[in-house]
Enquirer: 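Okay, here's the structure, questions in a sec.
Below, chains carry the letters A, B, ... as their sequence lines are ordered, and counting in each starts from 1.
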Amino acid sequence: MIVSRTLTVNGQSYPVAVAASETLLDVLRDKIALTGTKKGCNVGDCGACLVMVDGQTMNSCLLLATEMEGKSITTIEGIAQNGVLTPLQRAFVQEGGVQCGYCTPGMVLSATALLERNSDPSKEEIKAALAGNLCRCTGYTGIIRSVERCKNYREDGTCAKRDEPAGKPASGNGRPDLGGAAGGSVGGSVGVSVPRVDAVDKVTGRAEYTADLSFQNMVYAKILGSPIAHGRIKKIDTSKARALPGVLDILTADDVPDTMYGVSPARYDEHILAKDKVRHHGDEVAAVAAIDEKTAERAVALIEVEYEELPVVLNPMEAMAEGAPQVHERYERNINTHVDHKFGDVEGGFAQSAHVREEVFTGNTIYQCPMEPHASIAMWDPDGTLVLYSSTQVPHYVQYMMAHVLHMPLGKIRVIRPTVGGGFGGKAETTPLDICAALFSRRLGRPVKMIYSREEMFLHGRGRHKQHMHFKIGVDSEGRIQSFSSKIYLDGGAYSSFGVATAYYAGSVIPTLYKIPAYKYDGYRVMTNKPASGAMRGHGVPQPRFAFECLLNMIADDLGIDPVEIRWRNSIDPNTLTVNEMEVGSCEFRATLEASAKKSNWNEKWGKLPLGKGIGIASGGFVSGAGYCIYRGQVQLSHEKPREPFVKKSIFPHANAIVKISEDGMAAILLIGAAEIGQGSDTVLTQMCAHSLGIPMDRMRIRSEDSDISPLDLGSYSSRVTLMAGHAVSRAGEAVFEKMKPYAARLLDCDEASVTAQNARVFVQGDDSRSVPWEEVARKYFNENGPLVGTGCYKPPDGLGGDYKGSTVGTSPAYSFGTAICEVSVDLETGKIKIDHFTDYHDCGTPINPLAVHGQVEGAVAMGASETIFEDVQFDEKGLLQNHNLHGYLMMSIMDAPEIFSGLVDSYEPRGPFGAKEIGEGSTLPVLGAVAHAIANATGVWIKDLPITPEKVLKALREKKSATAEKVASS
Amino acid sequence: MHVPDVELYEAHTMDEAFDLLGRHTGARILAGGTDLLVDLKAGRVSATSLISIKRVDSLKQICLQDGNLCIGSLTTITELDESSLVRERFPSLIDATSRMAAPQVRNAATVGGNVVSAVPCADLPPVLLVLNASVVAKSAEKERVIPLDSFFIQVRKTALLPGEVLTSIIVPEPPVRFGAAYARFSLREGNSIAVAGVAVGMRLGAGGEVESARVALGAVSPTPIVVEEAGRLLAGCKLDDEVSSRVSERAMERCNPICDVRGSADFRREIVGVLTKRALKTARQRAGGMES
């Protein structure tokens, strides 16, 4: 039933023909082309689709469009008037209320509705008003700051509390005029808290994510996932699906290239669509292209697949047992990766230890839950070039893998990464969406769009490995570590994904924090009938780090040593080669310990809090970029490359940049393929490049989204972008300025060596009265030489890592350090945990953009705390997912998020650009252990398996009580 | 995930609604849609036609009739939550409304929907049970009042007959020295679902002893349930820790929770015990009893 309706959206009338079943969300996005309203879950769990209806906030995914006639609907596009941001939108821009931006429209609308009925909300009222808007990036801290800044704003757009100027129209490139703070008007652009370059687009709904894009003649496709966790495919009957009107094409394993793919080249073990066997609930079996998504969805349900069910295996220890069901024939006893590392005299170390403690810890299955679901759109140019729009954090690896699967040169594949709504590792590999969209598009000659639903994201998986960890630490009488051994079983799920690296990471980054003279690590990554585990923020390390920090705290208790002190005594020094041969350069670990203890008043609280209140500490650190590329050899189709022996050096630069100056010298365009996924890389790279060029940021634009335009960068993983891409862009900037120097010297009548630039003035070093406009010098260059372009690239140092198997994983040019102190309240009757406060200090080297750095820490704290107490993907005994949605899988809401203090210690990393290191992933690492320790401190019981739920707290308290009673009875 | 093809009819009056119901057998009533549209998308519910009653203004009201509170079924959770009448006289309803789901869901979701959906974890039913509420069910032919006690039959199944629409909820005027409270446990604070909920309503005698009391449980059995024995245990007693413990033990025995992603049956039972004590305490305070 199609009816005509006139919808009033943002004051404008839109006559539309809608079906009775269409939601307001779909009509806004697909028929009125207002794509600022986002689809995050489609069932009212996330708030990304929030709009105002007659001034009231509602989830547009739960409203039927036909019922909306006569209502006044406001979307994010209707908030700014005539391009003038509201004070609230400006506050989101300035206070770091925006990161990936996918939750931002809903957040801004919820907060706008709040401020309209309550101009002076308390912090609690702000939280209550935003309780239905989930954010995965900011830890909500920047969002609360943004709303608080806007209390009491007046009708005319000024703020009663802080007299701010009214908003100025957003300029053409989408960047607001923010006055002095932006653009490095004083000095350079590095080390300054400038707003994100994409923030205005994100607070106005203008930012376009992959699913927001439409192309002429575009069609849609959906994938059929397996309803069982393990089985043989006996028969696939697509006839009913094919007969459905609107269905255009169907793919099964028979229709797609018979090429295995994956992430780790030694373990390509995925078929594009399941061949012969399905190995997990949701394993991709077939795909349908149709005229619209709903038809594709219905057709998928009409495909009949006959399975022979096979027994499932759901945990790694059972999977390794003799006779266990085999997930893949090629992995004996289901062991996908075995790590056997031993450094130093481990047994001797334990023998000479005054105290040895051994414990078993269990992690949980965490899913990244970026707010933006994965999406891909593929089309083919007439010359045979594949154009792939993909919601990815690794455009280059997608290009590489598409080339592998399609047997095409990389040069014939153009990957475009539109705005990405968060990744956290979940978008770090090529998906069946990328491949199926490309295949359908080639067969149909039309653009094909594919989007995962929230459920499908969980079913596709690639979340954090659940790890089963047996840890043993030996210390001398003063708590100094003598020896450490770990045995870890990683639950790999059904495919390799990143797992080989994960298994190594789980061991290799542990010794970068403390002096560990002897270290043994025995790791098994094992296949199970679950969605594949992959890489997630802190790749492989957060759970082992949690276990290590907990065990260290237990030992401190055993010996009566303060937990801060035991860390101090064991902390490594700068310029240390660890026992497993990781080269640690700058290290201000001790400063993070000292600062966080002081700031949190640790000494006044530790051991002095009442039952039910707790304080805990943990530390952590991470690599600033992986030392080696995921694949070996040069950039070339994998099957064309001769297999060469591994050499300890980068074959090609991991980050590459071009800076192109406009012909009038007034703009610099930075081209680099680094993946902005919400973390802020476009902003910090622009800052560094502007700094090295000597111009303010507002003269720069960055193009990072298109492989046709921007040179290769390996992408956003291993916390690598600031250091590696930062070097590339600053070197490209320097290269431009080098070319300008002779012309500047001529204009300034000085020698080239004494020419310098800042804030768009080129001047004689030490005498800034002798200066010329930067653009004048650039024009002079152009007049004589044509385009003024500079390039820069970065290769990690040669020779990183030892000479043992797996020595490359964990290598990095630099390592970060951090300490977190957590304070909690626990309801001892219900076991419910409230994480009250976090104090975090991080050594990230020079912070390029402190606002962005703190935003990463705040987000990491909330994410880490959430996974410590809430999150776990649950399976039934048949391996079926039980909570693959955002009401069953609990991400922290704004009501649950702690207050967070994020601080930085003075540090300088010689191997980093301007002295910078990583922040994004490392800041997750101390969090889990600190929460667990605080809970133990509050309750008197240690809970060693994650997540620490109220149910586990009550159980542990009960066990402690009965143990105490037994003791009393027996004595 | 889309709503399957349906026909949608918008009623502006109840007469229109009944007319449509008569003409479209198997049609579902659509009000706030926050449950129904999710169920339709997930395939839990199938319907070929929907009859929207959103524009039936007569169902949107909160008023006092002869001292009884009358809540029109289309009243949104937000409207109930913000009603000064409710805040003053029925704070136990606010215990529920203030914490249900999320603001944007409360703005759309209706009181009638929260009752008539008969979803086990719904927050209002246990509270309404201890307030001795009834629902008004109307059909084209007649109107009848159904005590809430006999309204819930099974998960997602109520005593409503085909052709009947829930039009309002009647909460009788509370007697003097009456207090009620709702204690709720959820794993997360924002946009949360109750893992267990306990409502208590009690009337105190002049001497501070409990004259009569009701305890109702939510989210821990297929339907909200009244713990019948609790009233007997409390009647005539001063509410002290011992009585409170006995009542909470009875509530724990009486509930019949399931194991699911939000917790095991044993855990839910334990939580019911804690919540019962807490709700008893608050209800007693609201009834004007002294802190024991």
Enquirer: Below 4.0 angstrom, N of the basic side chain to O of the carboxylate: do A/Arg298 and B/Asp5 qualify?
Expert: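 The answer is yes: the pair qualifies as a salt bridge.
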Enquirer: So for B/Ser192, is it side chain, backbone, both, or neither that comes closer than 4.5 Å to the heavy atoms of chain A?
Expert: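 It is neither, since no heavy atom gets under 4.5 Å.
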Enquirer: Are A/Tyr367 and A/Tyr889, when compared by the centres of their aromatic rings, separated by less than 6.0 Å?
Expert: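 When the ring centroids of A/Tyr367 and A/Tyr889 are compared, they turn out to be at least 6.0 Å apart.
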Enquirer: Determine the option with the most heavy-atom pairs under 4.5 angstrom with chain B, choosing from A/Ala20, A/Ser453, A/Gly106.
Expert: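 Of the candidates given, the most pairs with chain B belong to A/Ala20.
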Enquirer: Pick from A/Leu890, A/Asn883, A/Thr949: which one has the most heavy-atom pairs with chain B under 4.5 Å?
Expert: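 Of the candidates given, the most pairs with chain B belong to A/Leu890.
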Enquirer: Please report the interatomic distance CG(B/Leu20) to CD1(B/Ile53), rounded to the nearest 0.5 Å.
Expert: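 Output value for this atom pair is 11.5 Å.
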Enquirer: Given that the side chain runs from C-beta out, which part of A/Leu954 has a heavy atom under 4.5 Å from chain B: side chain, backbone, both or neither?
Expert: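 Side chain of A/Leu954 only, per the 4.5 Å heavy-atom cut-off to chain B.
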Enquirer: With a 4.5 angstrom heavy-atom cut-off, is it the side chain or the backbone of A/Asp827 that approaches chain B, or both, or neither?
Expert: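 Side chain of A/Asp827 only, per the 4.5 Å heavy-atom cut-off to chain B.
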Enquirer: Quick one: which of A/Asp26, A/Val43, A/Thr830 has the most heavy-atom pairs under 4.5 Å with chain B, could you say?
Expert: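 Going by pairs under 4.5 Å, I would pick A/Thr830.
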Enquirer: Pair up each side-chain donor or acceptor in residues 63-71 of chain A with any protein partner under 3.5 Å, not counting sequence neighbours, and list the distances.
Expert:
{"residue": "A/Glu67", "atom": "OE1", "partner": "B/Lys54", "partner atom": "NZ", "Å": "3.2"}
{"residue": "A/Glu67", "atom": "OE2", "partner": "B/Ser52", "partner atom": "OG", "Å": "2.3"}
{"residue": "A/Glu69", "atom": "OE2", "partner": "A/Thr6", "partner atom": "N", "Å": "2.6"}

Enquirer: Determine the sole option in A/Glu22, A/Glu297, A/Lys294 for which the side-chain hydrogen bond (donor to acceptor under 3.5 Å, both in side chains) test with B/His2 is passed.
Expert: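 Only one option passes, and that is A/Glu297.
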Enquirer: Who wins among A/Arg454, A/Met52, A/Lys834, A/Glu293 for the most heavy-atom pairs under 4.5 Å with chain B?
Expert: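 Sorted descending by pairs with chain B, the first entry is A/Glu293.
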Enquirer: Relative to chain B, which segment of A/Ala128 carries a heavy atom at a distance below 4.5 Å: side chain, backbone, both, or neither?
Expert: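 The backbone, not the side chain.
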Enquirer: Could you check whether A/Lys832 makes a cation-pi contact with B/Phe185, meaning its NZ or CZ is under 6.0 Å from the centre of the six-membered ring and within 45° of the ring axis?
Expert: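 Yes, a cation-pi geometry.
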Enquirer: Please look at A/Thr23 and chain B and tell me whether the side chain, the backbone, both or neither of the residue comes under 4.5 angstrom of a heavy atom of that chain.
Expert: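 For A/Thr23, the side chain is the part near chain B, not the backbone.
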Enquirer: Does any heavy atom of chain B fall under 4.5 Å from the side chain of A/Ala129, the backbone, both, or neither of them?
Expert: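 Looking at A/Ala129, just its backbone touches chain B.
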Enquirer: Taking A/Leu62's backbone N and O only, do any of them form a donor-acceptor pair with A/Asn59's side chain (distance below 3.5 Å, no angle check)?
Expert: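 Pair absent, no side-chain N/O of A/Asn59 close to backbone of A/Leu62.
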Enquirer: Heavy-atom distances under 4.5 Å only: say whether B/Leu40 touches chain A with side chain, backbone, both or neither.
Expert: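 Neither; nothing under 4.5 Å.
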Enquirer: Select one option (side chain, backbone, both, neither) describing which atoms of B/Ser186 are under 4.5 Å from chain A's heavy atoms.
Expert: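 Looking at B/Ser186, backbone and side chain both touch chain A.
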Enquirer: Contact part of A/Asp872 toward chain B, heavy-atom cut-off under 4.5 Å: side chain, backbone, both or neither?
Expert: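 Neither; nothing under 4.5 Å.
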Enquirer: Measure A/Gln56 against the heavy atoms of chain B and call it side chain, backbone, both or neither at under 4.5 Å.
Expert: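 Both the backbone and the side chain of A/Gln56 come within 4.5 Å of chain B.
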Enquirer: Please find out if less than 6.0 Å separates the ring center of B/Tyr9 from that of B/His24.
Expert: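 Judged by ring-centre distance (under 6.0 Å), B/Tyr9 and B/His24 do meet the cut-off.
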